[in-house]
Number of protein chains: 2
Amino acid sequence: MESEFSVGEILPNERDLAARFGVARATLRQALEQLELEGRLQRRRGVGTTVAPPRVGVAVGTEQHAWPGSADDVWQPADCTLAVPPATVAQALESGRDDAVHTVRRSRVTHGQPVAAELLYVPRESVPGLTAIDAPSGPARARAVLRELQHLELEGQESAVELGSARAGEAKELDRLPGAPVLVVTTRYIAEGRAAALSVATYRADTCRLTFGDTGGVVVHQDPERRAS
Amino acid sequence: MESEFSVGEILPNERDLAARFGVARATLRQALEQLELEGRLQRRRGVGTTVAPPRVGVAVGTEQHAWPGSADDVWQPADCTLAVPPATVAQALESGRDDAVHTVRRSRVTHGQPVAAELLYVPRESVPGLTAIDAPSGPARARAVLRELQHLELEGQESAVELGSARAGEAKELDRLPGAPVLVVTTRYIAEGRAAALSVATYRADTCRLTFGDTGGVVVHQDPERRAS
DNA sequence: CAGTGGTCTAGACCACACG
DNA sequence: GTGTGGTCTAGACCACTGA
């Protein structure tokens with residue numbers, strides 16, 4: 001199918017394709033799903049199926065450690081609340097199970113397309129200078145928390161990547177349907193010998209290639225395609 | 001379903017589950033597929049469905065650069081051939097389109113389970129000391145290539161992670177069915193100002209959490225579970 | 001061999017985009 | 001309203017595991 005259609009852009013609809021290949025539509029859809037998982041196709045309900053452009057490389061790890069909210073940060077703060085985090089987050093932060101932490105929501109946009117949604121958990125101990133009157137909520141408060149974070153000296157950070165599926169909220173933010181495959185990047189920021197913040201970022205798996213640059217500057221464009229079996 | 005069955009280990013079969021929830025088996029399977037994608041379930045044909053253990057964290061990036069095949073390397077060389085690589089690999093290596101390169105196959109095993117399969121492409125210029133009589137093929141030759149690689153001074157490395165699906169060969173090596181979701185880690189090793197080697201490693205997405213440690217030593221066990229929407 | 005998950009079919013209806 | 005992809009059904013058969 002790829003060789004037959006890659007020249008064009010728009011594919012025939014699923015019913016026609018199924019008929020052309022002599023299979024049931026469910027079977028045809030299974031093949032399309034795999035191709036979409038590999039980033040070769042894009043499908044939009046009510047619109048159609050198109051050949052996807054190469055995945056965009058998004059940098060998620062730099063050789064220089066930097067707090068979220070630094071000058072060159074690509075994330076856009078959206079909101080901030082004070083809430084008790086999920087148990088797993090509390091554990092990673094080594095905070096009490098019922099301690100409320102600042103929860104910053106941010107989003108990341110590339111080429112006009114949303115690529116990631118993030119939840120950043122910041123224990124209150126990490127931002128002692130934050131005054132209640134700064135801002136009650138909203139983007140202003142998110143920026144205030146990030147600003148206070150810069151005062152700590154960052155000692156290190158560690159990240160993990162795993163496969164997940166988009167929750168309803170994330171799905172809407174990423175312009176996908178719930179259950180869509182996502183790459184979840186969890187990053188622990190270390191300062192003063194403890195976890196000073198925890199970021200859980202959800203990237204669209206269909207359009208993103210996460211890069212962990214390590215050579216300092218040399219950017220390489222590389223097709224995600226792999227050897228045929 | 002999770003809260004109902006997480007205590008036990010083995011789930012009822014799909015036909016029974018579908019009947020219990022009053023849905024068709026295809027619908028039930030769709031739900032199981034998503035849970036498997038998230039690493040919560042493991043399904044094996046002919047056996048059954050079980051609640052999955054937490055994902056294992058596998059380190060794929062270290063703060064110290066190191067060549068493949070270093071003393072502490074966790075990969076096991078399996079084979080080595082001299083072949084013309086796929087076009088995309090040749091491009092990343094900045095080698096001619098028709099230049100044959102050493103192609104080392106390696107596998108990675110953790111806790112007795114295969115977690116990744118790798119193809120390591122090494123241009124002949126990167127291992128000038130390799131003599132033809134060293135070993136014609138097989139693991140011995142793979143080790144010879146890796147040994148010669150150590151002679152170069154590694155200047156940096158850059159990695160990218162993206163979602164893919166297992167080819168037939170990879171699937172067998174990873175003990176999965178073709179099409180299973182995998183995390184593809186592409187790493188370029190830089191020496192003497194050029195790409196001296198390219199690694200394409202395929203990790204099982206269902207069982208692996210890829211860690212990019214950056215703090216040097218502190219290992220943290222962390223549940224992959226995320227906030228409920 | 002029986003039981004499991006994996007694949008496939010033929011059809012119906014739903015949710016959404018766009019003219 | 002029409003056409004698209006997304007969901008669901010009820011049933012059949014296949015491939016594999018393990019007793």
Side-chain angles (χ1 to χ4, degrees), chain A residues 1 5 8-52 113-114 165-168 170-182 204-207, chain B residues 1 5 8-52 113-114 165-168 170-182 204-207:
Chain A
M1 291 176 59
F5 290 110
E9 281 288 345
I10 301 175
L11 268 64
N13 71 51
E14 298 182 350
R15 290 157 180 91
D16 287 351
L17 278 175
R20 170 180 324 203
F21 287 100
V23 299
R25 189 176 156 222
T27 308
L28 187 275
R29 279 183 57 79
Q30 188 172 322
L32 294 186
E33 263 154 40
Q34 181 166 333
L35 290 171
E36 191 182 26
L37 206 74
E38 297 175 13
R40 302 190 202 277
L41 293 182
Q42 264 178 335
R43 301 149 86 199
R44 272 180 303 168
R45 167 158 56 179
V47 179
T49 302
T50 59
V51 176
Q113 298 297 328
S165 55
R167 301 282 179 281
E170 298 158 347
K172 193 156 61 177
E173 211 170 336
L174 297 177
D175 194 22
R176 300 253 63 198
L177 292 174
V182 290
R204 282 182 61 152
D206 56 344
T207 57
Chain B
M1 293 174 58
F5 289 110
E9 283 287 345
I10 301 176
L11 268 62
N13 72 50
E14 298 183 349
R15 291 159 179 88
D16 287 352
L17 278 176
R20 169 177 330 198
F21 288 100
V23 298
R25 188 176 156 222
T27 308
L28 188 275
R29 277 183 59 78
Q30 188 172 323
L32 295 186
E33 262 153 42
Q34 181 166 333
L35 290 171
E36 191 181 28
L37 205 75
E38 297 175 13
R40 302 189 201 278
L41 293 181
Q42 264 179 335
R43 302 148 86 196
R44 271 182 304 167
R45 167 158 56 176
V47 179
T49 302
T50 58
V51 176
Q113 298 297 328
S165 55
R167 300 282 178 283
E170 297 159 348
K172 192 155 63 176
E173 212 171 336
L174 296 177
D175 195 23
R176 300 254 62 197
L177 293 174
V182 291
R204 284 183 59 153
D206 56 344
T207 58

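Each chain gets a letter, A, B and so on, in the order the sequences are listed, and its residues count up from 1.
Both T27(B) and L177(A) lie near DNA chain D, and the one whose nearest nucleotide falls closer to the 5' end is L177(A). For R29(B) and V23(A), each mapped to the nucleotide of DNA chain C holding its nearest heavy atom, the one lying further toward the 5' end belongs to R29(B).
Rounded to an integer number of Å, the gap from L11(A) CG to dT4(D) P is 12 Å. Straight-line distance from the CZ atom of R25(A) to the P atom of dG11(C): 13 Å, rounded to whole Å. As a whole-Å value, the separation of L28(B) CG from dC8(D) C1' is 12 Å. In this entry the distance linking CG of N13(A) with C1' of dG6(D) reads 14 Å, nearest Å. Between the CG atom of L17(B) and the P atom of dG5(C) there is a distance of 8 Å, given to the nearest Å. We find that CZ of F21(A) is positioned 14 Å from P of dC8(C), with the value rounded to whole Å. As rounded to whole Å, 12 Å separates atom P of dC16(D) from atom CG of D175(B). Nucleotide dT4(C) holds its P atom 16 Å from the CG atom of L41(B), rounded to whole Å.
Within the 4.5 Å cutoff, the side chain of R176(B) has no heavy atoms near those of the V182(B) side chain. Side-chain contact check for R43(A) versus L32(A): some heavy-atom pair is nearer than 4.5 Å.
Residue T49(A) has a polar side-chain atom (N or O) positioned under 4.0 Å from OP1 or OP2 of dG5(D).
Scanning all heavy atoms of the two residues, the minimum distance from D175(A) to R204(A) falls at O-NH1, 3.9 Å. Annotation for P12(A) and L17(A): closest pair O-CD1, 3.5 Å, computed over non-hydrogen atoms. Nearest heavy atoms, P114(B) versus E173(B): CB-O, 3.6 Å.
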Review item, side-chain donor-acceptor pairs of residues 21-29 of chain B, under 3.5 Å, at least two apart:
unit_1 : atom_1 : unit_2 : atom_2 : d
R25(B) : NE     : E14(B) : OE1    : 3.1
R25(B) : NH2    : E14(B) : OE1    : 3.1
R29(B) : NH1    : E14(B) : OE1    : 3.2
R29(B) : NH1    : E14(B) : OE2    : 3.0

Mind running side-chain contact (heavy atoms from CB on, under 4.5 Å) on T49(A) and E36(A) for me, showing each step along the way?
CA-CA 10 Å; T49(A) 302; E36(A) 191 182 26; over 6 Å; no

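In the set dG5(D), dT9(D), dC8(C), the nucleotide with an atom closest to the side chain of Q30(A) is dC8(C). Of the candidates dT9(C), dG5(C), dT9(D), the closest approach to any side-chain atom of E14(B) belongs to dG5(C).
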In 5'-to-3' order, the base (B), backbone-only (S) or no-contact (-) status of each nucleotide in nucleotides 14-19 of chain C, using a 4.0 angstrom heavy-atom cut-off, is -BBS--

